[in-house]
Amino acid sequence: MMPNKKKWTVGEIRAALTAKKISAHELAHEHFARIERENPKLNAFLALCPERAYAQADKIDAMVARGAELPPLAGVPVAIKDVISTRGVTTTCGSKILEHYVPPYDATAVVRLEAAGAVVLGKTNCDEFAMGSSNENSAYGPVRNPVAPDRVPGGSSGGSAAAVAAGLAAAALGTDTGGSIRQPGALCGIPAMMPTYGRVSRYGLIALASSLDRIGPFTNTVRDAATIMGLIAGRDTRDSTSASHDVPDYMASLDAPVAGLRVGIPREYFGPGMDPAVRHNIEAGIGALEKLGCKTIELNMPHTEYAIAVYYILLTAEASSNLARYDGVRYGLREAGGGTLMGMYRATRGHGFGAEVKRRIILGTYVLSAGYYDAYYRKGQQVRALVTQDFREAFERVDAIVTPTSPVPAFKLGERTDDPLAMYLADIYTVTGSLAGVPGISVPCGKTPDGLPVGLQVFGPHFGESRVLQIANAFEKVSAESGLPN
Ligand code: GLN
């Protein structure tokens, strides 16, 4: 009989499969049963693919029966954010415009997970086209935070974060353009990693902002994040922006001591607007890193204050261009609109897109238009270079940068939906690293007195995933004993 365990790590699954304590089939079945039970409340999954999952699980079980060497993710039940293409499985991007869209191919990250033995359970809810910080912009309803069901899970990868935090999947893929992996990871209390731009292929990822979009994992442990990173990273000839740098063995340095590492604390990330309980935990977290022997160094990153503005100029510009393809001609929804071409475009886009997507398309079209391009888009690109330079200069002095992930813990459903600006400010600590292209992870850093998770963010230099994972792993091990409420 299967041990009644709520959350599985990759290592535990492997040990249990090898010892024949469970089969991959049973494990998949148990997760589908949990989904059936919990999903009506959480709304984390939009689609399930049991046939595909059981076919893969049975393949793994056959390997176990033959005594074959198991691949690294053998039998691990995973969930995939619904902006990542899955062959034969509806991929909606949380939008009405793609309600019935079934991709003819798999994203490279999905191919790599399955090649490593993972069992794909289904697709997770998200903000429409990954635009949002609360998952309330999904056309299919909000996701609830499993830790506090009257609160948001964060966004835009809210379904992936909630699925892992609730034990409905052992790991999940999300995407991060301005914080959409790290922020929901923080709000749901699990590790969540954004790799360096280009480290993981974007082939099959439905684009929001192509110069910012990245795929990365949600897991129950930092070790599992390192395992998955090692499998999905690396050059892919189908994405010309994927990096050809060798993928290091992230496990090799994971448990190395962090004593002596220089950790930068940028002053700009500790200003007003931060919830006092978040501040308390982050300061305690930094104290825990110091106890491990890290040397903290105060930093100035003077262009931080422009990051939100720059992000919302560049993101909307790229999004307006990427989303032009949803015109009723090739993909998804088509509405007749009175029988003229303009009428068809207008009706399709008018009915297919939600309010936030329309707002961003309009903003993006504006910042790219003649007369405004120089004042907004071009200027935004210039300031992006300055934000990146802040990071480059910082990494001449430090090995990693530590900040809060989100200024606030999970907020109540509906609390910010009428105020787009307040929603945009949820990304104040995450968009900087997005603009700079550097890797970052959010790792749990205790809870607030109300029991809401807090996330500590660790940034590393470009392609410095090993260092980021090493520090996060060391932190994860001590955070339970560091005086932080857990
Ligand atoms: N919350 C941010 C936004 O609304 C980030 C989104 C993302 O990373 N996909 O754009």
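Atoms considered below: every heavy atom in the structure, side chains included; atoms not considered: hydrogens, waters and symmetry mates. Every number for a ligand or one of its atoms is a count from 1 in the order of the listing.
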With K412 via side chain to side chain contact (heavy atoms under 4.5 Å, CB included) - residues at least two apart: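 Expected list: D150, R151, E415.
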Checking the N or O distance criterion of under 3.5 Å, is ligand 1 in contact with [X]?
X: G132; value: yes
X: Y311; value: yes
X: M131; value: no
X: G178; value: yes
X: K81; value: no

Does [X] approach ligand 1 within less than 4.0 angstrom via side chain, backbone, both or neither, non-hydrogen atoms only?
X: L208; value: side chain
X: Y312; value: side chain
X: R360; value: side chain

Using 4.0 Å as the upper bound for N to carboxylate O, is an ion pair formed by K379 and D374?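 No salt bridge links D374 with K379.
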Can we say R360 and E356 salt-bridge, meaning some charged N sits less than 4.0 Å from an Asp/Glu carboxylate O?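 Yes.
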Within the 4.0 Å heavy-atom shell around A130, which atoms of ligand 1 are there?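 Going through ligand 1 atom by atom, the ones under 4.0 Å from A130 are 6 (C), 7 (C), 9 (N).
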Under a 4.0 angstrom heavy-atom cut-off, which atoms of ligand 1 come close to S156?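 Near S156, meaning under 4.0 Å from one of its heavy atoms, ligand 1 has 9 (N).
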Between the side chains of R202 and Y197, does any donor sit under 3.5 Å from an acceptor?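 Present: a donor and an acceptor within the cut-off.
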Does any donor atom in the side chain of D236 or T108 lie under 3.5 Å from an acceptor atom in the other side chain?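 Yes, T108 and D236 have a side-chain donor paired with an acceptor closer than 3.5 Å.
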Less than 6.0 Å separating the ring centroids of Y203 and Y105?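 Yes; Y105 has its ring centre under 6.0 Å from that of Y203.
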Compute the ring centroids of Y376 and Y366, then answer whether they are less than 6.0 Å apart.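 Ring centroids of Y376 and Y366 are less than 6.0 Å from each other.
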How far is atom 6 (C) of ligand 1 from the closest protein heavy atom, and which atom is that?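 Closest protein heavy atom to atom 6 (C) of ligand 1: S180 OG, 2.8 Å.
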Nearest non-hydrogen protein atom, atom 2 (C) of ligand 1: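 I find the closest protein heavy atom is D427 OD2, 3.0 Å.
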How long is the gap from CG on L42 to CD1 on I35, to the nearest 0.5 Å?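 The distance works out to 10.5 Å.
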